[in-house]
Amino acid sequence: MEQRYVSVAEVKDLLEAESEARGYEFMLASQKAALDHAQKTCSISKEQADAIMEAANALDFVTENVAVKIADLLPEYPEDVRAIFAKERVTLEKEQIEAVLEIVRNNS
């Protein structure tokens, strides 16, 4: 079984497809909760999230899991970017922060 990080937008698409195929009433309670959460919190499409993740992965200081966080959280301010990278033990320069913000602005 392959494991990979997925964005909330992709989760939303997968669960919406499952809901259409199976019927919402036949989904598990956890699937319904995840779908409701994804629909409420995700404001971009899977294609937009994929574009953000691809562009973010192209930056040498961004890992795959951080790229997914960027696509999920859509940071608008430098403080948001610093919060995403807080656990990564990376000290970002102003240019790096601006690069992340520019990716989000251009793809959302």
Rounded to the nearest 0.5 Å, how far apart are CZ of Arg4 and CD of Glu10?
4.0 Å
Rounded to the nearest 0.5 angstrom, the OG-CD distance for Ser108 and Gln48 is 7.0 Å
How far apart are the C-alpha atoms of Glu16 and Gln39, what are their side-chain angles, what is the distance that settles it, and do they pass the side-chain contact (heavy atoms from CB on, under 4.5 Å) test?
CA-CA 9 Å; Glu16 285 175 346; Gln39 289 173 331; 3.2 Å; yes
Check the hydrophobic clustering (I, L, V, M, F, W, Y; side-chain heavy atoms under 4.5 Å; chains of links allowed) and say if Ile103 and Val62 are grouped together.
yes
Is Met53 reachable from Val6 through a run of hydrophobic residues whose side-chain heavy atoms are each under 4.5 Å from the next?
no
Connected via hydrophobic side-chain network under 4.5 Å: Ile52 and Val66
yes
Could you measure the distance from the NZ atom of Lys69 to the CG atom of Leu73? Nearest 0.5 Å is fine.
8.5 Å
Output yes when Lys32 and Glu25 qualify as a salt bridge under the 4.0 Å nitrogen-oxygen rule, no when they do not.
no
In short, Pro75 meets Val81 closest at the heavy-atom pair CB-CG2, 3.8 Å
List the steps and the verdict of side-chain contact (heavy atoms from CB on, under 4.5 Å) for Asp72 and Thr41.
CA-CA 9 Å; Asp72 287 345; Thr41 61; over 6 Å; no
Flag if over 12 foreign heavy atoms under 6.0 Å of CZ, Phe61
yes
Of the non-hydrogen atoms in Ala67 and Asn57, which two are nearest, and what is the gap between them?
CB-OD1, 3.6 Å
Is it the case that one hydrophobic cluster holds both Leu14 and Tyr24, taking links as side-chain heavy atoms less than 4.5 Å apart, direct or via other members?
no
Please report the interatomic distance CG(Leu35) to CE(Met27), rounded to the nearest 0.5 Å.
5.0 Å
Would you compute the distance between atom OG of Ser45 and atom CG of Asp50 and round it to the nearest 0.5 angstrom?
8.0 Å
Sub-4.5 Å side-chain heavy-atom contact between Gln96 and Leu59:
no
How long is the span from the CD atom in Gln31 to the CZ atom in Phe26, to the nearest 0.5 Å?
13.0 Å
Just do the side-chain contact (heavy atoms from CB on, under 4.5 Å) check on Phe85 and Thr63 with the steps written out, would you?
CA-CA 10 Å; Phe85 281 89; Thr63 60; over 6 Å; no
Passing candidate, side chain to side chain contact (heavy atoms under 4.5 Å, CB included) with Leu74, options Leu101, Asp80, Val104:
Val104
Tell me whether Val8 is reachable from Val100 by hopping between hydrophobic residues (I, L, V, M, F, W, Y) whose side-chain heavy atoms are closer than 4.5 Å.
no
What pair of heavy atoms forms the shortest contact from Ala49 to Ala71, and how long is it?
O-CB, 3.9 Å
